[in-house]
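Only one structure is covered here, and it is reproduced in the block below.
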Amino acid sequence: MVISCHMQDLSTQLKLIKKGAVELISEDELVKKLQENRPLRVKFGVDPTTADIHLGHTVALTKLRQFQELGHKVVFLIGDFTAQIGDPSGRSETRKPLTAEEVSRNAETYLQQVFKILDKDPARLEVVYNSHWLGKMGVKEIIGLASHYTVARMLERDDFQKRYKEGTPISILEFLYPLMQGFDSVQIDADVEIGGNDQKFNLLVGRELMRDYGKKSAQVVLTMPLLEGLDGVRKMSKSYNNYIGITEPPKEIFGKIMSVSDELMYRYYELLTNEEVAEIKKQHPMEAKKKLGEILVERFYDEATAKSARAEFENVFKANQLPQDIETIYIGKDTSNIIDLIIEAKLVESKREAKRMIEQGGVKIDSEKVTDEKFLVDLNKEHIIQIGKRKFAKIKK
RNA sequence: GGACAGGUGGCCGAGCGGUUAAUGGUAACGGGCUGUAAACCCGUCGAGCGCAAGCUCUUCGUAGGUUCGAAUCCUACCCUGUCCA
């Protein structure tokens with residue numbers, strides 16, 4: 001396969017690359033690189049600290065895909081070594097380091113999900129692991145690396161500075177992180193590195209290190225906005241539990257989108273779709289939201305699935321019907337009282353919680369609200385139990 | 001190494017010998033309103049037993065101790081921050 005002959009003209013490339021980005025450092029340098037008319041090496045690194053990719057990650061992945069479509073090569077870096085250190089970026093406390101096993105397990109599933117978005121063609125995608133070089137460094141080399149940066153400069157980083165002022169701990173380990181990430185760029189010979197806005201500092205360290213290590217040209221830095229999570233306030237993150245995972249079931253993705261505020265919906269349109277936000281705002285918000293749900297489900301599954309996710313939603317919540325596929329739970333008894341039943345079905349965590357649910361009118365059997373805590377359920381017949389608005393289960397003996 | 005300050009429920013943060021399963025905020029959950037929106041309003045929010053009033057167990061960094069009784073006092077240890085070297 002010929003790689004470099006499909007290069008688009010400069011202004012077209014530049015326009016697409018800048019679309020949605022927060023910052024490009026520097027445009028001049030990028031132009032120079034593009035003018036060399038070769039596939040650029042576009043670095044993107046992830047720490048496989050969790051196995052699942054969520055919508056927030058797809059902002060950058062979408063950008064990478066665009067680079068691929070422009071004929072460039074994505075160097076996808078799995079930070080299997082750095083994941084064991086724990087990057088504090090964007091958070092106010094030290095992250096727990098992971099074990100090697102956790103990391104490699106995560107990396108595997110992570111890649112599977114990345115392939116849903118990126119082109120797997122080896123001419124367009126290279127996957128590398130930073131343990132290959134970082135794992136081999138000796139103390140001498142690490143000290144050498146550390147000598148390239150100063151404490152004062154480290155403390156320039158926003159979150160370090162904040163934590164330092166607040167008196168929250170920063171371990172020396174964490175100072176090493178940006179250096180290692182930067183060293184990755186040296187190893188990879190990155191032309192461009194993409195990252196979230198919170199990564200800006202680390203990405204810039206990469207630029208400096210590349211110069212220090214005598215590279216002809218340093219990487220260009222392209223930062224993308226952080227996607228707000230479902231609460232609309234904090235960034236989307238698994239640890240805040242405000243995320244939509246791309247492997248989640250279609251109806252979950254659709255449902256979560258529907259529960260988002262209108263304001264946030266438009267933000268999602270801006271960062272995750274090609275739609276014109278101004279056009280979208282002309283529609284009824286609910287209609288627009290359903291459409292967004294469809295677009296996203298289609299991206300991670302397919303069109304038919306997207307359509308049925310929407311139909312399902314309309315059935316369950318508008319027409320007040322039951323979902324299509326309810327999990328069936330088998331209980332090995334003829335009868336059971338309602339409290340034990342929903343505990344056994346793992347719909348609630350404790351008896352106290354079960355009682356509360358009933359007291360507050362959140363438990364339904366076969367669409368009938370249960371008010372009696374002692375309600376006895378005949379399990380020889382199949383029943384449908386509902387807890388709250390969205391938990392359903394079929395119960396059988 | 002020295003001098004201080006601090007470690008409380010998912011998070012923040014009061015309490016500083018009994019009235020404390022522990023004020024308040026926030027998150028979460030249930031209900032109402034709605035477009036399963038958001039905002040807002042009401043309620044719940046360690047666990048087990050009991051129809052209930054209530055009873056019991058576990059929880060305030062860790063381990064001991066004092067006391068009729070401790071998150072609160074003492075001792076040791078661990079962890080964090082500030083200042084000095």
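We name chains A, B, ... by the order of the sequence lines, and we start the count at 1 in each one.
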- Message: As an exercise, state the distance from CG of A:Asp184 to CZ of A:Phe81, rounded to the nearest 0.5 Å.
- Response: 10.0 Å

- Message: Looking at B:A47, I'd like to know if its phosphate oxygens (OP1 or OP2) sit under 4.0 Å from a side-chain N or O belonging to A:Ser350.
- Response: yes

- Task: May I ask you to evaluate whether A:Arg356 reaches the phosphate of B:A47, defined as a side-chain N or O under 4.0 Å from OP1 or OP2?
- Result: yes

Rounded to whole Å, please give me the gap between [atom1] in [X] and [atom2] in [N].
{"X": "A:Asn242", "N": "B:U26", "atom1": "CG", "atom2": "P", "answer": "18 Å"}
{"X": "A:Glu353", "N": "B:G43", "atom1": "CD", "atom2": "C1'", "answer": "14 Å"}
{"X": "A:Lys389", "N": "B:C29", "atom1": "NZ", "atom2": "P", "answer": "11 Å"}
{"X": "A:Arg234", "N": "B:G10", "atom1": "CZ", "atom2": "C1'", "answer": "10 Å"}
{"X": "A:Lys355", "N": "B:C51", "atom1": "NZ", "atom2": "C1'", "answer": "10 Å"}
{"X": "A:Glu359", "N": "B:G43", "atom1": "CD", "atom2": "P", "answer": "14 Å"}
{"X": "A:Glu252", "N": "B:U36", "atom1": "CD", "atom2": "C1'", "answer": "12 Å"}
{"X": "A:Asp372", "N": "B:C51", "atom1": "CG", "atom2": "C1'", "answer": "11 Å"}

Go through [options] for me and flag the one nearest to the [X] side chain.
{"X": "A:Gln360", "options": "B:A38, B:C29, B:U44", "result": "B:U44"}
{"X": "A:Tyr164", "options": "B:U82, B:G35, B:G48", "result": "B:U82"}
{"X": "A:Pro169", "options": "B:U80, B:A38, B:C51", "result": "B:U80"}
{"X": "A:Met286", "options": "B:A38, B:A47, B:G35", "result": "B:G35"}

Salt-bridge present ([X], [Y]; N to O < 4.0 Å):
{"X": "A:Asp191", "Y": "A:Arg38", "value": "yes"}
{"X": "A:Glu141", "Y": "A:Lys136", "value": "no"}
{"X": "A:Arg65", "Y": "A:Asp119", "value": "no"}

- Query: Any sub-3.5 Å donor-acceptor pair from A:Lys63's side-chain atoms to A:Lys19's backbone N or O?
  - Reply: yes

- Message: Could you check whether any side-chain N or O of A:Arg163 sits under 3.5 Å from a backbone N or O of A:Pro169, counting only pairs where one atom can act as donor and the other as acceptor?
- Response: yes

- Message: If you assign each of A:Val363 and A:Lys251 to its closest nucleotide in RNA chain B, which residue comes earlier from the 5' end?
- Response: A:Val363

- Message: For A:Tyr149 and A:Phe175, I'd like to know if the aromatic rings sit close, meaning centre-to-centre distance below 6.0 Å.
- Response: no

- Message: Let's test your reading of the model: under 3.5 Å, does the base of B:G46 pair with the side chain of A:Arg352 as donor and acceptor?
- Response: no

- Task: State which residue, out of A:Ile339, A:Ile365, A:Val363, fulfils the side chain to side chain contact (heavy atoms under 4.5 Å, CB included) condition with A:Phe375.
- Result: A:Ile365

Over all strands shown, is [X] touching base, sugar-phosphate only, or nothing at heavy-atom distances under 4.0 angstrom?
{"X": "A:Met258", "answer": "base"}
{"X": "A:Lys289", "answer": "base"}
{"X": "A:Gly232", "answer": "nothing"}

- Counting only Watson-Crick and G-U wobble pairs with both atom distances below 3.5 Å, the stems of 3 or more consecutive pairs that include RNA chain B are B:1-7 with B:78-84, B:10-12 with B:24-26, B:28-32 with B:40-44, B:46-49 with B:54-57, B:61-65 with B:73-77

